[in-house]
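Notes follow the structure.
All values below come from the heavy atoms of this structure, side chains included, with hydrogens, waters and symmetry mates left out.
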Amino acid sequence: MGWDEGAVYYSDQAQFPHGGGATGDSRHVILRKFKEFIRNFPSQPNVFPYREALLENQNYLIINLSDLLSYERDLPELLRQNPADYLPLFETAAAEVLASLKSRVASESGEMEEPEIGEVQILLSSEQDSMSMRSLGAQCISKLVKVSGIVIAASKTKAKATYVTLLCKNCKNVKIVPCRPGLGGAIVPRSCDHVPQVGEDPCPIDPWVVVPDKSKYVDQQTLKLQENPEDVPTGELPRNMLLSIDRHLVQTIVPGTRLTIMGIYSIFQASTSHKGAVAVRQPYIRVVGLEETNEANSRGPANFTVDEKEEFLKFASDSNAYDKICSMVAPSIFGHVDVKKAVACLLFGGSRKFLPDGVRLRGDINVLLLGDPSTAKSQFLKFVEKTAPVAVYTSGKGSSAAGLTASVIRDNSSREFYLEGGAMVLADGGVVCIDEFDKMRPEDRVAIHEAMEQQTISIAKAGITTVLNSRTAVLAAANPPSGRYDDLKTAQDNIDLQTTILSRFDLIFIVKDIRKYDQDKRIASHIVRVHASAEASRDDTKTSKEYNWLKRYIQYCKTNCHPRLSDSAASMLQESYVKIRQDMRRQSNETGEAAAIPITVRQLEAIVRLSEALARMRLSQVANEDHVSEAIRLFNTSTMDAARSGINQHINLTPEMANEIKQAETQIKRRMGIGSHISERRLVDELTRMGMNESIVRRALIIMHQRDEVEYKRERRVVVRKA
């Protein structure tokens, strides 16, 4: 049987196991206790929450097991050990209590009648810690378990029979047989219990025919739950678990949602299992309660203690709060002060806004780190993956478009298509760290355009047309095309990414490995000290406490603080943006070509988001002029600096130099035929032996490369494309 298929199978679970079920008397006592609990449980004097909740919503009732424990110590243990026996009792109790709470109704004849007893679904919730999916074994079968994970697939809704109406082919006798809940089937008797009269034919074996129209049904859906990425042991694949949900839980969950579920660990006979393996069953969980862990409280509870709140408010009121947070970001990395500030802004994020016409403005900040090898770019990504409440780390070379966004997969047994979310969907409400961003194939990079700006992923494949949420911040690291950042090249050549993707990054940092004696000495002593003290600090719990504190503080700020710009800050920002645009226009007029990094309205929104993130660090509801000036400073040191970086061939060109470059170009074309290969080093050496200046030859090669007359292959081999 496929995970997405609910067929009827023979099941031997309907009878109570010998000695395991409840006797008639004890069932009656427990039913009475359940009814008393719903009626009489007080959260405060004269406040009865379950009674009021039942009258407010007559379809389902959410029961907290800790309330049940405080009312009657034995009941939660009974539910945990034999949930399949006692949950129906609880639902019967809730339905009877609801009927008794309703007022009497007038019948057609005018007499007052008792209201009908309907059906109430009981959903359980608990404060206990969830188990790991890997620890679920044979000892948990038919017990109540609690697990958490990400929903990666959801099936279509199906109708599941609760009572099957059977008709005897011979004597037309009607029999109603109950169906087991979940993926269990109905038990159809082999013979008819009709006693034949004289002259009547006796009913044959297996005379029953199912009458679908007269049977009773409930909605049922199957989900696929995958372990949270942070819970998977290193080097192992994440485990999946099949979930069965019914009635009012159906169609409330979409793929990509993080869930914590309570359910009954059950087994069913899979049709695809080996014919010889009669006793082998597939496990699944029948859900009896679920709670969504939303973006603010994913990876841990969002209920903060009073002490924590006081500590957070005290920290936010400190005038040095911003610097203290930046010092907590990647403390093992030396220098890179502005990058750390940008990463801190990315972790806190701006405010998401919903406009009256339904347009959604993103609040997440995207950062690109571009530069030399060994400048701790990947270390920043690893730090963010550990610190962000929700994070997914992926590498550019090993990621495809479908793996980043969403893929449509065909189920082997049912041959139906279903959706599985990729990295951008699974990190909804968190951060996606993409390393080796420049090594991605261009067609795969295009797939994340929509996810980075509109924060949705649209799918139209195999008859499935849908939109998934991907409200994520993106932190990407990339190398220039030649491996190292080359100061002899223009900004366009060093930043070999399309302007469409560059404009979606709020901050672009060019990280260079500058060789300076003093700085090298300080970096070397810092690295030696980190290595020397690594073993001693491994046992020190202070660093892990600091990590957890920062993670909790980020959660608290994201949940409770949604800053907006003040009027004075908005007018200051407007003037700054107009000035930046004028400067870029003047620069492009002087040089005769557009800037490598476009300065558009997206960059204005980027400064707004940065200002809000800086205000959020201080738990301030208003972003003031100080926050805006710091945001503009960060923007100038990163994106504006990157836009102006590199040399430009039009600057400082005297007529003599222009003439020499022209001669060098002629010699290069004469030395090489169209399509021929030569290493750059050898070409430069040959031309310098002819008496030419090496820097002039290199400048000529750069200009020819920009005109697409030569191209660089791997290992810096030069190929002439056209004369």
#### Entry: Within 45° cone and under 6.0 Å: Lys382 NZ/CZ vs Tyr393 ring
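Output yes; distance and angle both within limits.
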
Measure across [X] and [Y] and return the closest heavy-atom pair with its distance rounded to 0.1 Å.
X	Y	value
Ala94	Leu54	O-CD2, 3.6 Å
Pro189	Val177	CD-CG2, 4.3 Å
Tyr265	Cys140	CB-O, 3.4 Å
Ala84	Pro88	O-CD, 3.2 Å
Leu78	Tyr86	O-CD1, 3.6 Å
Ala93	Ile38	C-CD1, 4.4 Å

Any donor and acceptor pair, going by atom type alone, linking the side chain of [X] with main-chain N or O of [Y] inside 3.5 Å?
X	Y	answer
Arg51	Arg39	yes
Lys146	Ser126	yes
Thr260	Ser148	no
Ser215	Thr165	yes
Asn366	Arg504	yes

### Task
Please identify each residue that fulfils side chain to side chain contact (heavy atoms under 4.5 Å, CB included) with Glu56, with sequence neighbours left out.
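Listed in chain order: nothing, the list is empty.
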
### Ile365 vs Phe348, side chain to side chain contact (heavy atoms under 4.5 Å, CB included): CA-CA, chis, key distance, verdict
CA-CA 9 Å; Ile365 295 167; Phe348 283 87; over 6 Å; no

### Query
Between Lys33 and Tyr71, is a side chain to side chain contact (heavy atoms under 4.5 Å, CB included) present by the stated rule, with each step listed?
CA-CA 10 Å; Lys33 282 182 180 174; Tyr71 186 80; 6.0 Å; no

### Task
Among residues two or more places apart or on two chains, list those pairs meeting salt bridge (Lys or Arg N to Asp or Glu O under 4.0 Å) that have a residue in residues 130-143.
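Pairs touching residues 130-143 that pass the test: Arg134-Glu227, Arg134-Glu236.
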
### Message
Salt bridge check, Asp364 against Arg352: does any charged N sit closer than 4.0 Å to a carboxylate O?
### Response
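Salt bridge between Arg352 and Asp364, a charged N being under 4.0 Å from a carboxylate O: yes.
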
Could you check whether any side-chain heavy atom of [X] comes within less than 4.5 Å of a side-chain heavy atom of [Y], counting everything from C-beta outward?
X	Y	value
Leu65	Leu144	yes
Pro83	Met262	no
Tyr50	Asn64	yes
Ile122	Val288	no
Asp246	Gln121	yes
Ile434	Leu475	no
Asn560	Phe312	no
Lys175	Trp208	yes

### Message
Could you walk me through whether Leu79 and Leu68 satisfy the side chain to side chain contact (heavy atoms under 4.5 Å, CB included) test, starting with their C-alpha distance in whole Å, then the side-chain angles of each, then the deciding distance to 0.1 Å, before giving a yes or no?
### Response
CA-CA 10 Å; Leu79 273 176; Leu68 198 58; 3.6 Å; yes

### Query
Parallel, tilted or perpendicular: which describes the rings of Phe268 and Tyr284, with under 30° parallel and over 60° perpendicular?
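Geometry flag for Tyr284 against Phe268: perpendicular rings.
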
### Message
Can you pull out every ring pair (Phe, Tyr, Trp, His ring centres under 6.0 Å) where at least one residue sits in residues 213-256? Sequence neighbours excluded, please.
### Response
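Pairs touching residues 213-256 that pass the test: Tyr60-His248.
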
To the nearest 0.5 Å, tell me how far [X] [atom1] sits from [Y] [atom2].
X	Y	atom1	atom2	value
Leu61	Leu98	CG	CG	9.5 Å
Leu124	Ile261	CG	CD1	11.5 Å
Ser66	Glu127	OG	CD	4.5 Å
Glu436	Thr394	CD	OG1	11.0 Å
Leu89	Ile30	CG	CD1	7.0 Å
Ile245	Arg247	CD1	CZ	12.0 Å

### Message
Does atom CG (Leu69) have a neighbourhood of more than 12 heavy atoms from anything else shown, all under 6.0 Å?
### Response
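Atom CG in Leu69 is packed in, count exceeds 12.
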
### Message
Around atom CD of Glu72, are there more than 12 heavy atoms from other residues, nucleotides or ligands closer than 6.0 Å?
### Response
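Yes, because the 6.0 Å sphere around CD of Glu72 holds more than 12 heavy atoms from other groups.
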
### Task
Decide side chain to side chain contact (heavy atoms under 4.5 Å, CB included) for Leu225 and Ile150; before the verdict, give the C-alpha distance in whole Å, the side-chain angles of both, and the deciding distance to 0.1 Å.
CA-CA 6 Å; Leu225 189 77; Ile150 300 177; 5.9 Å; no

### Message
Here's a test for you: under side-chain contact (heavy atoms from CB on, under 4.5 Å), which of Asn82, Leu87, Ile285 qualifies with Ile264?
### Response
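Option passing the side-chain contact (heavy atoms from CB on, under 4.5 Å) with Ile264: Leu87.
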
### Message
Checking side-chain contact (heavy atoms from CB on, under 4.5 Å) between Leu123 and each of Ile63, Val287, Ile62, which is the one that passes?
### Response
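Single side-chain contact (heavy atoms from CB on, under 4.5 Å) partner of Leu123 among Ile63, Val287, Ile62: Ile62.
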
### Query
When you check the side-chain N and O atoms of Gln251 and Thr157, is any donor under 3.5 Å from an acceptor?
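Yes, because at least one side-chain N or O of Gln251 sits under 3.5 Å from a partner of the opposite role on Thr157.
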
